[in-house]
Each structure stands twice: as C-alpha cells, then as structure tokens.
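Report on one structure; see the data block that follows.
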Amino acid sequence: MNLKCNIEPTAIQDAGACLASASHLIIDLDGTLIREDEAIEGAAELLARFRDRYVIVSNNSTHTAHGVARRLRRLGLRVEPERIVLAGEQTVDFMRRQHPAARILLAASAALRRHAVRSGCLLVESEADFVVLGLDPLFDYARLSLMIDQLRRGARLVVTNGDLSHPGANGTRVPETGALLAAVVAASGVPPAWFIGKPEAPLLREGLRRLGATPASTVVIGDNPATDAIGAHNLGMRCLLVDSACPAGTATLAALLRAQDAACSSAAPVGAAFIRSRLANA
C-alpha cells in the first residue's frame, strides 16, 4: 500500500481553521520544528501560541528528552523535557516494564545506552533475550554480525522506529534506524517483533496521556505522511503536514500560522476538510 496525500485547493485555509480549532497539539521534531542545527521558521511562534498545550513526539532514538531540550534551547526553542516524548527512551521504558529481567543486546547511541543502564536494563553482548535496535552511530560490520548471531540463536528483535532517513540541513538526508534495520533483517531473516515509534500507537498515546487530552481535541503536526499522518489516522486524530513530499504542493509551518491568523480574524467556520492523508492501494 502506498500513501497518497490529497491537498485540496483550499487546503491551507482549511488547515488554518483546523489549527485554530485545536485544543492540543502533538508536534513532530525533525523536519517540522528543526532541521539538524537550525530551527524552522515559525517553530518558536507555534510553541509560544500553544504554550502548555503541546508535546513534541519524535521518532528520535539517539538522544534523551533532557538532551533534546538542551539542543532546542541552543536553537532558541525553550521546551521542558517533560514535553518531549522520544522513541528511544520509550523503547527502553517499554523493555523495562514488559521484560524487567531480560538480557538485552542494545545497538544504540551512548546516551540511550546510559539511559537504559540507569533504568535498570541488563545490557549484554551474548545470550541475549532481545536485540534492541536504535539509531546507532557506531553501527558497523562487527555490530551487524553480533546482532545476526543473537537473532539466529532465538533473540527477538525490538526496533525504536522504522524511518529510513530524516531531513537534514541544506536539503540533505540523514540516515535513520530503518536503514540499519534493512541490513539486519536482510542478513538474519528475522523480522521485528515490535516497533515502538510512529506510526505505531505507543508514542502518540503517551503524548495524549501527558497532555491529558483526547484524540478528538488534538491535532498532529508533522512532515512525514508515513509516520505522522498514518499514526494520527490510526488513533482518530487530525493531521496537518508541513514540508511534505506530496506532489500536489506543501504548506510551510510559517504559512500554516498565517492561515491560523486568517481563520481567527475572519471567524471562519471549521469544516471537515483539512490536509488529509489516506491509505490507498497502489
């Protein structure tokens, strides 16, 4: 199945009305608020407008919430760690809750490994019950061989997120966990037992829990139809896509804020139309 995005002629006006009607926001990070080491135009204003009515939900599996909060502060975006939900941290928390005594081979960043140890996870290099894959910047042939060996011996595979890449600065693409996963699955023949990140439900549900919000009152803002839009659709939330790759056109975050202003000033009624994402057979 391929995701097809239908952006209607009045989509930006509808999107502005949709944003104006939102009680709460779940906002993606990479490609929506930031690109590597630069804040996207409109990001600070969006966070200021919604103040205590938003959370950032990201498939980031490299950093902790405290690390991301420090990074955002350097970019001029002040966000408390409690407002940041990350795939890497949530995967560690999932393992600690569901499999507290498990032996885990964790392929991930140093920051996520430290978080796992602090959380009480038992990290091993052999006789693993689970192989947990995040965005490991030191991923190499030796690590791949070790993971394959453990999977072929019966360990189950847990993956933080399936993204192949995310937007970088100056139009570049940054390789993501899904690119590493492709090598692991191809070489081992073992499919993942669990994905934690979007479009799966755990991250978005955690975002709703922290907001104390319902799907009906919450709008997701993201840039990726395959993660943000599908994840929102599966939980019954509206989704606004910015900087997407849909062929019919895109809306920037700054344009979305201008459309919200127009919707508020004209008191336009909020219709059912907004930037829709639909699943359709290829």
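Because only heavy atoms are used, hydrogens play no part in the values below, and waters and symmetry mates are left out as well, while side chains stay in.
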Student check: side-chain heavy atoms of [X] and [Y] closer than 4.5 Å:
X      : Y      : result
Val184 : Val190 : no
Arg113 : Leu123 : yes
Val57  : Val220 : no
Glu176 : Asn161 : yes
Leu106 : Cys121 : no
Met237 : Leu208 : yes
Glu200 : Arg205 : no
Leu25  : Leu46  : yes

Taking atom [atom1] of [X] as the centre, report whether more than 12 heavy atoms of other residues, nucleotides or ligands fall under 6.0 Å from it.
X      : atom1 : answer
Arg153 : CZ    : no
Glu127 : CD    : no
Arg53  : CZ    : yes
Arg173 : CZ    : yes
Gln98  : CD    : yes
Arg51  : CZ    : no

Do you know which two heavy atoms are closest between [X] and [Y], and how far apart they sit?
X      : Y      : result
Ala22  : Val219 : CB-CG2, 3.6 Å
Leu75  : Asp37  : CD2-O, 3.3 Å
Gln260 : Leu19  : OE1-CD2, 3.6 Å
Val185 : Pro192 : CG2-CD, 4.2 Å

Asp228 side chain vs Asp223 backbone, donor-acceptor pair below 3.5 Å: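 Checked: pair present.
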Any carboxylate oxygen within less than 4.0 angstrom of a Lys/Arg side-chain nitrogen, looking at Asp261 and Arg49?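 So Asp261 pairs with Arg49 through a salt bridge.
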Picking from Met95, Met147, Arg156, what satisfies side chain to side chain contact (heavy atoms under 4.5 Å, CB included) with Val132?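 Among Met95, Met147, Arg156, the one that satisfies the side chain to side chain contact (heavy atoms under 4.5 Å, CB included) with Val132 is Met95.
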Sole residue of Asp28, Ile56, Val68, Leu77 in side chain to side chain contact (heavy atoms under 4.5 Å, CB included) with Ile34: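 With Ile34 as partner, Asp28, Ile56, Val68, Leu77 yield a single side chain to side chain contact (heavy atoms under 4.5 Å, CB included), made by Leu77.
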Mind telling me whether His99 and Phe94 have parallel, tilted or perpendicular rings, with 30° and 60° as the class edges?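 It falls in the perpendicular class, over 60°.
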The test is side-chain contact (heavy atoms from CB on, under 4.5 Å); show your working for Asn224 and Asp163 and say whether it passes. CA-CA 10 Å; Asn224 190 337; Asp163 304 59; 4.1 Å; yes
